[in-house]
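No hydrogens, no waters, no symmetry mates; every other heavy atom, side chains included, goes into these values. Numbers here are sequence positions counted from 1.
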Amino acid sequence: MTRLTSVARGLITAFAALLAATASTATASTATAQAKTEPKAPKDFVALRSVDPTIIQEMRYVTPHNFVGERIDGYLQPTCILTRPAAQALHKAQRKLLRQGYTLKVYDCYRPQRAVDHFVRWAEDLDDEAMKGEFYPNVDKTRLFADGYIAEKSGHSRGSTLDVTLVRLPAKPTRPYRPEEPLVPCFAPRGERFPDNSIDMGTGFDCFDTLSHTLDPRIQGEQRANRLLLKNTLEGLGFVNLAEEWWHYTYKPEPYPNTYFDFPVSRKSLTGAH
C-alpha cells in the first residue's frame, strides 16, 4: 500500500504541474494576443515631436486636470500624434511665431474613440460634477449634449484636429496641478484662474462657456488680439477654427475626413507604422 500511495502521489503531483504549466502558457498566449490586437496608427500619422520638437506639449487628458477629473481612457503617454500634413503645417506656423517671440503649445491632438466614449459616459453621469467649479460653472450638466460641449464623435479622432494656444518666450513652465486645490472658474481673470503659462486668451482651455467662442464680442483688447494672432497664423496655413472654441483647429483638407480611429495615444502606436 505504501508503494502504491507513493506512485499515486507522484502521478497527482505531475498532473498538477502539467495543469499549472498549461494555464501559465494560456495566460501568456492571451496576453500576447491582446497586445497584438491593439490597433496601430496608419503610416502617415506621426509624433509631433519628430516634426517640430520646439512646440510645447501639455497633454491635459493624460492628467487629472481636465473637466472629467481623471486620466482619460486611451491616453497612455503625454505625446501629440497628428497626421503628417497637419504636423508639417503646424511646424510652419511655429517658425512664423518664433520670429515674433511666441511658441505654440498643444493641449490635445489625436484623440482615440475610446476617449470620446469616456467623455460620453461622464456626461451621462449627472451626479459626477467634481470639476464643475472650474470647467463649466454656469452650465447645467444636463445641457452638455444639447449645447454641443460633448458629442459621440470628435474630429480629433480623425487625426488632423488639435487644441492649441500661444506662450510668450522665454516660456515659463506651468506649475503642476494639485487635485486637492480649490477650483476657480475658467473665465475668471487671468491672475485668479489656474496659472497656465499661455498668454491671456480670456478663458482657460476647455472652458464650457460662450466666452470661449473665438470672436465673442465681450472679449476685447489684448485678449482678442491674442486670439486673432493665433487664428490668423493658423488659418493662413490651412487650419480652420471651430467658432465655439478659440483653441480648436483642424487642418484641411483632412487625409481621413470620415474615419474615427481608436489606437492608443502612445509612441508604440506608431512603432512599425513607418
Next item on the list: Drop me the distance from Phe263's CZ to Ile81's CD1, to the nearest 0.5 angstrom.
Entry: 5.5 Å
Check: Any Lys/Arg nitrogen of Lys40 or Glu38 sitting under 4.0 Å from an Asp/Glu carboxylate oxygen of the other?
Finding: no
Note to self: Between Trp247 and Leu230, is there a side-chain heavy-atom distance shorter than 4.5 Å?
What the structure shows: no
Margin query: Exactly one of Phe119, Tyr136, Phe205, Tyr107 should register a ring-ring contact (aromatic ring centres under 6.0 Å, His included) with Phe67. Which one does?
Written below: Phe119
Next item on the list: Could you tell me whether Arg190 and Glu222 make a salt bridge, using a distance below 4.0 angstrom between a side-chain N and a carboxylate O?
Entry: no
Item checked: From Thr233 atom OG1 to Arg95 atom CZ, the distance as rounded to the nearest 0.5 Å -> 14.0 Å
Notebook entry, point to check: Same cluster for Val116 and Ile150 if Ile/Leu/Val/Met/Phe/Trp/Tyr side chains link at under 4.5 Å?
Noted result: no
Margin query: One thing to verify: whether Lys105 and Asp196 come together as a salt bridge, which I'm taking to mean a side-chain N less than 4.0 angstrom from a carboxylate O.
Written below: yes
Margin query: Side-chain heavy atoms nearer than 4.5 Å, only ILVMFWY residues, links allowed to pass through others: does that put Tyr177 and Phe208 together?
Written below: yes
Item checked: Closest non-hydrogen atom pair between Thr79 and Ala47, with its separation -> OG1-CB, 4.4 Å
Notebook entry, point to check: Taking atom types as modelled and ignoring hydrogens, do the side chains of Thr210 and Arg218 form a donor-acceptor contact shorter than 3.5 angstrom?
Noted result: yes
Margin query: Quick check on Lys132: does its NZ atom have over 12 non-hydrogen neighbours (other residues, nucleotides or ligands) under 6.0 Å away?
Written below: yes
Margin query: Closer than 4.0 angstrom, basic N to acidic O: yes or no for Arg193 and Asp200?
Written below: yes
Next item on the list: Taking all heavy atoms of Pro39 and all of Pro264, pick out the closest pair and write down the distance.
Entry: O-CD, 3.8 Å
Next item on the list: Check the hydrophobic clustering (I, L, V, M, F, W, Y; side-chain heavy atoms under 4.5 Å; chains of links allowed) and say if Leu90 and Leu229 are grouped together.
Entry: yes
Check: In terms of side-chain geometry, is the basic nitrogen of Arg114 or Asp262 positioned less than 4.0 Å from the acidic oxygen of its partner?
Finding: yes
Margin query: Using the side-chain hydrogen bond (donor to acceptor under 3.5 Å, both in side chains) definition, which of the options Asp108, Asn66, Thr63 pairs with Tyr75?
Written below: Asp108
Check: After noting the C-alpha distance and the side-chain angles of Thr174 and Asn197, does the key distance pass the side-chain hydrogen bond (donor to acceptor under 3.5 Å, both in side chains) rule?
Finding: CA-CA 5 Å; Thr174 296; Asn197 64 354; 3.1 Å; yes
Next item on the list: Would you check if the side chain of Glu245 reaches a backbone N or O of Leu242 as a donor-acceptor pair within less than 3.5 Å?
Entry: no
Item checked: Residue from Gln113, Arg111, Arg158, Lys153 passing side-chain hydrogen bond (donor to acceptor under 3.5 Å, both in side chains) with Tyr260 -> Arg158
Notebook entry, point to check: Hey, would you say the Tyr256 and Phe45 ring centroids sit under 6.0 Å apart?
Noted result: yes
Check: When clusters are formed by joining ILVMFWY residues with side-chain heavy atoms under 4.5 Å apart, either directly or through shared neighbours, do Val68 and Met59 land in the same one?
Finding: yes
Next item on the list: Ignoring hydrogens and angles, state whether a donor on the side chain of Tyr61 or Arg71 is under 3.5 Å from an acceptor on the partner side chain.
Entry: no
Note to self: Looking at every non-hydrogen atom in both residues, tell me the closest pair between Leu48 and Gln57 and how far apart they are.
What the structure shows: CB-NE2, 4.1 Å
Margin query: Starting from Leu169, can I reach Val164 by hopping between I/L/V/M/F/W/Y residues whose side chains sit under 4.5 Å apart?
Written below: no
Next item on the list: For a side chain to side chain contact (heavy atoms under 4.5 Å, CB included) with Leu104, tell me which candidate from Leu98, Ile56, Thr165, Leu166 qualifies.
Entry: Leu166
Check: Would you say Leu126 and Thr142 make side-chain contact, with heavy atoms under 4.5 Å?
Finding: yes
Check: Can Glu244 and Ser212 be counted as having a side-chain donor-acceptor contact under 3.5 angstrom?
Finding: no
Checklist line | Centroid-centroid distance, Phe194 to His65, less than 6.0 Å | finding: yes
Notebook entry, point to check: Where do Glu152 and Val120 come nearest, in terms of heavy atoms and distance?
Noted result: CA-CG2, 4.0 Å
Checklist line | Derivation and outcome, salt bridge (Lys or Arg N to Asp or Glu O under 4.0 Å), residues Glu70 and Arg121 | finding: CA-CA 13 Å; Glu70 63 185 10; Arg121 291 194 305 274; over 6 Å; no
Checklist line | Minimum heavy-atom distance Asp206-Phe135, with the two atoms named | finding: O-CD2, 3.4 Å
